[in-house]
Every structure is written in C-alpha cells, then in structure tokens.
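This report concerns only the one structure given below.
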Amino acid sequence: MVDEVLLDAGVVTRCRRRVHLDNDPTMVGTPLAPPDPSAEQRIADAEAHRIDVSERLQAATAPISGDEDPAALDVTSADSAGAAWAVIPADLSPADRAGLTLTALEEGVAYIWGGLLPRDREAGRRGGIQLLVRTVDGYVPVLVVRHRITDPGEGARTTELTDLDPGNASTDPDRKVRSHPRDQLRLAHTYRLLQAAGFAEPDRAIGGVIGLDADVVLWHDLEAGTWPGGRTALEEYDSRFADRLAVARAAAAGEEPLAEPSRILECKGCPWWSTCEAELTRVRDVSLVVRGEDAMELRRAGIATVDKLAALDIHDEPPIQWTGVSFSDAVSLAKAWLADLTMVRRVPEVTVPRGDVEVDIDMESFGDSGAYLWGCLLNGADIGVEHGYHSFATWEPLPTDDEARSFAAFWAWLTDVRRRTAAAGLQFRAYCYNALAENRWLYASAERFAGLPGVPSAAEVRAFVDSDEWVDLFRSVSDQFLCSHGKGLKVVAPVAGFAWRDSEAGGEASMRWYRDAVGMDGAEPDVAQRSRLLRYNEDDVLATYALRLWISERAMTEVPFMDDL
Ligand code: SF4
C-alpha cells in the first residue's frame, strides 16, 4: 500500500533515484552490490565510538532532580519509571524498541539511549536517534557522530560533554560550527518524529551533536536561518523530505518515476550501480561522461546523450555554465566514449619526470587505523641496493605501536637509497599514484610516532614531499590525459598493458584480506592472506612502473590526441 511508505532520516541526503529503487516493489530481489568493507569498518568504528560516548555519559551524568541513582537501566520491560537513564537494547525487534522508547518517554526518563520513535505513518516517517534528553517541557534529540563537528574559531553554542542540558549552552570562544548539513537534517527528522508523538518541546526546535573529539555537545537551533537563502534546517528538511516521500510513494504505487538515474559521486559506493549503469548505457546518457550538475544542465539544454554532446562544436557558445570539466574536455570525453577509448591525450606531447634511480611506492592502510604496509620497487642505476620489490609491514592488528617500527624501517631504507643516489651524483625520483593517501600517512606516522627510533620529523617528511623527487603519477595522468572510464590505477594501468595477478585485486578486497591476515576480532591470523596482500601491493608498484614507462615511451603513438578525434 502506498500509505505504508516509511522513510528514515537518510533519504534527505540520498540520491533521489535510490529512494525510487529502494521503494519500487518490482525491484525486490534485484542483485545488489555487497557493502564496501571500508564502509562496514566505518560503521563498526562509529558504533564503537557511540558505545564509548554512552558509557562516559552514563558514568558522569547526574540524575535529574528527584532521582538518586544515575546508573543506567537496561529497559527490557516497562519498569523505567523514575530512572535517569533508559538504554533501549539494539537487538530487539523494531516494534519492541519503539514500544520501550514510548514507555520511557511517557514515564519521563531523563536520558533515553538508542531510542526508536513511534512511526508517523501519515507523514511517512520513521527513525530513532542515539540520545533523547528530557528538558522542562519536552525532549530534545542528541546525535553522536564520528566526525569533527567544530573548527577553531568562535560562535558555536556548546555545553561541556557531560552537560546535556541545552539551557546551559553558551557561545564558545574557541569553536565555530563545522558545516555538516546531514547532522542538522537528521536532528530535524527526529524533531518531527518527536513532535508527531507529542514529546517535542513546544516552543523551540533544537538538537545536540557529540562529535569525534567528544569534548562538547554542540547545540543547533533548527529554526535559525543559517542555510542558503536564509532558510532554516527545518525548512530545508521539510522540503527535501516532501520531495523524497513523493518519489518513494510514486515508486511504491508503480506510477511514472519521479527520479531517473544520473551518474553522480554517490554512484561509486551505491549498491544499485550495476542497475543504473545498465540503464544509463542503454540510453547512452550524457552523465556517463560528465556527471553531477553538468549532466543535469546538459539534459535541460536538450543534450541528453553522449552522442549529442560529442556532436557539439567546441568553437560555438558553450551550451551550459560548466562546473566540472571544460567544454572542450567534455566533448572530447564524449568522442572518446563513442570510440571506446579509455584514454585520449589532451596535450600534443606527454612526459613523466624520470630519474637515474627510481622507486615506485605504494602504501596500504586500514581505514583510519593506520598504514600497515609500505611497498617499494627499486629500479635504475646500481647504487649497491638490491633492485626489485621491498616491503615494510606490521602484521599486528592496527592500531599498534609496531606500525612505528615498520614505518621507521621503510623511511630508513628510502633515506639510504636517496643518500646513495645523491652521493653518486645521480638524480633520484620516487613515484606513487595519487599522493594524497601516501602523504596523509607519511605525515600522520611522523606525528603519531614522533620521538620513536627512526621515525622522521614532520619537517623531514615535508622536505621530501615538497621536493621534485616525489612524483604523483595521478597528476601526470590527470594533466595529460582524458579518461572516459575514470582515472583510477586499475583503469589506466591496463591501457599500458599491465594486469594484476590476483583477479580479485582491489581496495575493497584488500580490506577483507587484511582482516584475515592479522586475525582481527581475535580470529587466528591467516598467513596466506599476508602473502596475498604483499603480492597485491607488489603488483600496484609494478603497475605504476609499467604506466610511467608506457607514458614515456609508447603513449604518444598509442593514444590519440583529442584534437584528432
Ligand atoms: S547508482 Fe547512482 S544514480 Fe543509481 S541509485 Fe545509486 S547513486 Fe543514484
């Protein structure tokens, strides 16, 4: 039944087509992409963070007046009257959780953890929140997230972490709000649910957020005109929710879809991608080559297909105001897509800086926990160091101080190679593919393990990163080529003729292998998976090696120049 559509807070920041597919009964049973292991890890980390915050709050929160014991109660029955805390068990059915939450609300429990609010069937809304805090005349929602919610500055309204009374909030002289629209929209969603259940404060709409640092509660006024155009969070939420509800109800009723697929950033991790990709390819949708806002604008301008984009004359007036690629790049990408070319040259001549002694470097990390492997491939002039692949790894589960040892060993080896090269009067170069990741962990490792044996200072790391010796091949590819299927190493290295030995090789698979390799969660370590990770890492550096040789020696003849298409 159409009226049975019930949406959670996530829909207001989710792709509209996804809302359609999630609610289209004819799509039930469609094979979906499995969850990305790194996303699963982020969810697990967020859950651990919430448990930690919950324990700290329960240990420190004074009971509301009249209550003497702040200890948490596990509310598994309706006997929570007078309690300071009610913890709603997460493993109960949604109906039982909602029932216990309602009981706790009705009995005026001061703090309700893990509550699921009664469904608002008429509004098509459902959901819960980490914490509900009782105030003088209602309840306010508090969200616990694992990202930073403030920046240095001033003006945020905060209370100390364990002070959950928004009445005590004051203007923080050291913090300003970091923009997280999603947090405010989730608070607005919960506020509307509280309102429907009759437990919202009648005269104001506020909500709190506890972030990664968990040092303060940040209080948001959901009725302040801080959104673009002077809108409030509640207004923004209401209009987005109404839109998503219409999309979902149309899908549920089998009516004309109100949302069509269009390739956006979110597609990358979306379980529906294979479904949408097939449809986009069938209609030769323009978003296959230019995504996001540009694709939408092009459709509005009547250029809905790759074919129409490719047929444009770049010397004419641009059909839209481009936000992503340039007009000429967009047309060339469309032509490349039609010609089934993964890459075309955007410059007449392509080059890569070369050295006498060359090292390709690839680092493997596990979420935010650390960098467990640095792999290096040495080639070039003989400087008395064995050529080939060298790895520096820790196989203790991250986070571990043993990472400092493996990082120091990697840095010592690299420094030795650089010194020997300089002493021989030769040019040294090190290469990676997308230096963002490597640089992040070079700096983070120097900082986290500062003072431990062999760990370089941040200044030493900076001197290397900022030098001409450190070459980001991703930049070379981005600057010199247009890539119609993306610029990832797994896409471009095969154009250079490279193939990974492991057919499952990829960032997501490596997360799974890592968990097994170190015996995460107390399992027995799987040594075979360590070998697999090392081979994967070795192939990654062999891939960058192959790619840069190809750019230097063959790309000029093998890849067409865009003006020649
Ligand atoms: S694959 Fe992309 S277009 Fe399709 S539902 Fe997901 S995010 Fe939306």
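Note that this is a predicted model, so its numbers are computed, not measured. Note that ligands are numbered from 1 as they come in the structure, with each ligand's atoms numbered from 1 the same way. FYI, the numbering just counts along the sequence from 1. Computation of the quantities below employed the complete heavy-atom set of this structure, encompassing side-chain atoms and omitting hydrogens, waters and symmetry-equivalent molecules.
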What protein heavy atom is closest to atom 6 (Fe) of ligand 1, reported as residue, atom name and distance in Å? C270 SG, 2.3 Å

Do any of the N, O or S atoms of C267 sit under 2.8 Å from atom 8 (Fe) of ligand 1? no

For the pair Y514 and F366, name the ring-plane relationship: parallel under 30°, tilted 30 to 60°, perpendicular over 60°. tilted

Atom 3 (S) of ligand 1 sits nearest the protein heavy atom S262 O, 3.5 Å

Do you know which of T275, V286, L288 makes side chain to side chain contact (heavy atoms under 4.5 Å, CB included) with L280? L288

With D285 as reference, evaluate R263, R299, R291 under the salt bridge (Lys or Arg N to Asp or Glu O under 4.0 Å) test and give the passing residue. R299

From the candidates R18, E279, R14, the one that places a heavy atom nearest atom 5 (S) of ligand 1: R18

Please identify which atoms of ligand 1 are closer than 4.0 Å to at least one heavy atom of W273. 1 (S)

Would you mind checking which non-hydrogen protein atom is closest to atom 8 (Fe) of ligand 1, with the distance to 0.1 Å? C15 SG, 2.3 Å

Can a cation-pi geometry be assigned to R125 and F241, taking NZ or CZ under 6.0 Å from the six-membered ring centre and within 45° of the ring axis? yes

Applying side chain to side chain contact (heavy atoms under 4.5 Å, CB included) between E364 and each of L533, N537, L534, report the one that passes. N537

Assess R345 against F481: is NZ or CZ under 6.0 Å from the centre of the six-membered ring, and within 45 degrees of the ring's axis? no

Just need the protein heavy atom nearest to atom 4 (Fe) of ligand 1, so name the residue and atom and give the distance. C276 SG, 2.3 Å

